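Model, not experiment: these values are computed from the prediction. In listed order, ligands and their atoms are each counted from 1. This chain uses plain numbering: 1 for the first residue, then up along the sequence.
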Amino acid sequence: MGRFHLQQKERRIRLVYFDNAATTQPCPEAVQAVTEALEHGWGNPSSLHSFGLAAQKRVDGARAELAAALGALPEEIVFTSCATESTSLALLGCARTYGRRKRKLVISGVEHPATAATAQRLEEDGFTVVRIAPENGMVSPARFAEAVDDETFLVSCMLVNNETGAQLPAAEIFAAVKRKNPTVVTHCDAVQGFLKQALRVKQLDADLISVSGHKVYAPKGVGALFVKKGIRLAPVLLGGGQERGLRSGTEAVPLIAGFGAAVKALRATVEERDAAVRGCNAYLRSRLAELDGVRIHSDETASPYILSIGVKNMKAEPLLHFLAQSKIYVSSGSACAKGKKSGVLEAFGINAAYLDSTIRVSFSHQNTRADCDALCDALTRAMQTLCGIRQTPHSNRKD
Ligand code: PLP
């Protein structure tokens, strides 16, 4: 994919952006496609004249790119405003479709609020929600299968956890629950895995998959839901019947075009970016291991794109601001939680002493070893300045 000019310019003033799980900088291809669509594709795709057709062409092109990236059919892609909306459509749409006869859904205990809060709303409305907590850091397909019965209409499990990078065995979970009850609809929040790992709908075997544009170098304000052919789903937004009736509202053509362009650019580089990020992640792990008072929460099986770390005796927020003064940007836990404790780190069994002092470092393929060095140097300074911890040269971790 093309170079990120803005970030390159900013690099001269040593900007180190390690918050890519919160959002990514739109790539040049996306920026160009958005601009082009604003200028030349501004018609309403529902209009029958040439302006409408020009806009529809851009939406169709983006739909084809997403379908190709997932190994899906174009008609299985529904554009939404974000992954939160995709997930609402999945959960609320299924509840509406199947809820008269079946009243139970099963989710993992470490879901993003997009799933967790929607499930909670359904619980308040009288549905039964079973949450499967991780055991020894991992959720078990067998536990999901045990929880599923004839009353269950939906199982939802994310692919990659946004706080720790833990890779959940979603494919195994969906296979296990379908063996137990083939009528159950399966949903996967694939936001933190999409275009970071090879993701084919056939292998994942989910009926519904949520993805987001702004996590993959596209603009904010656009997401998509994969809806497997034959799956019945009631819409949440009613109106003009756009997106095969599943998501009424005039399509955000420029944002959708930008999403398509980013997906096209990224699709070809999944392995190359994975290798670059793995190298950077391994280097950072080795540097952090030299620092007293720093604990790495994400285990080696986690996605290389996310590294959760705890810094002894230090609150995450002041640490974050200290790092930002050096133009190093990370987040505390999950950016979506905005200061609210999500309970996900506890569910993963992270040492209680580190819960408030956890920061999330999230990579893009553009991060370098120099970025990792800058982060480690700033962490060293922060520990010394904010809580008086001095590093002994090449000391082994003692915490
Ligand atoms: N799911 C996961 C795992 C996420 O990390 C996020 C955003 O951080 C979302 C869902 C929500 O995505 P969006 O911002 O597109 O609504």
If we number the atoms of ligand 1 from 1 as shown, the ones under 4.0 Å from a heavy atom of M158 are 3 (C)
Heavy-atom proximity to atom 6 (C) of ligand 1, picking from H112, E163, H214, Q192, points to H112
Under 4.0 Å between heavy atoms, the region of E85 that gets near ligand 1 turns out to be neither
Tested for salt bridge (Lys or Arg N to Asp or Glu O under 4.0 Å) against D149, the lone hit among K104, K180, R103 is K104
- Message: Test salt bridge (charged side-chain N to carboxylate O under 4.0 Å, His left out) on R244 and E75; report intermediate values, then the result.
- Response: CA-CA 8 Å; R244 292 190 298 115; E75 60 268 31; over 6 Å; no
For K215, the ligand 1 atoms with a heavy-atom partner under 4.0 Å come out as 6 (C), 7 (C), 8 (O)
With heavy atoms and a 4.0 Å threshold, my read on which part of T84 contacts ligand 1 is both
Here the pair of heavy atoms bringing Y217 nearest to Q25 is CD2-O, 3.4 Å
Value for CD (E111) from OG (S108), rounded to nearest 0.5 Å, stands at 3.5 Å
Under 4.0 Å from one or more heavy atoms of C82, ligand 1 contributes atoms 13 (P), 15 (O), 16 (O)
(Q) Is there a polar contact between ligand 1 and A83, counting only N or O atoms under 3.5 Å apart? (A) yes
Between E172 and the options C157, S140, P141, the side chain to side chain contact (heavy atoms under 4.5 Å, CB included) test singles out P141
Quick note on ligand 1: atoms under 4.0 Å from a heavy atom of S212 include exactly 13 (P), 15 (O)
Taking atom types as modelled and ignoring hydrogens, do the side chains of T385 and R381 form a donor-acceptor contact shorter than 3.5 angstrom?
-> no
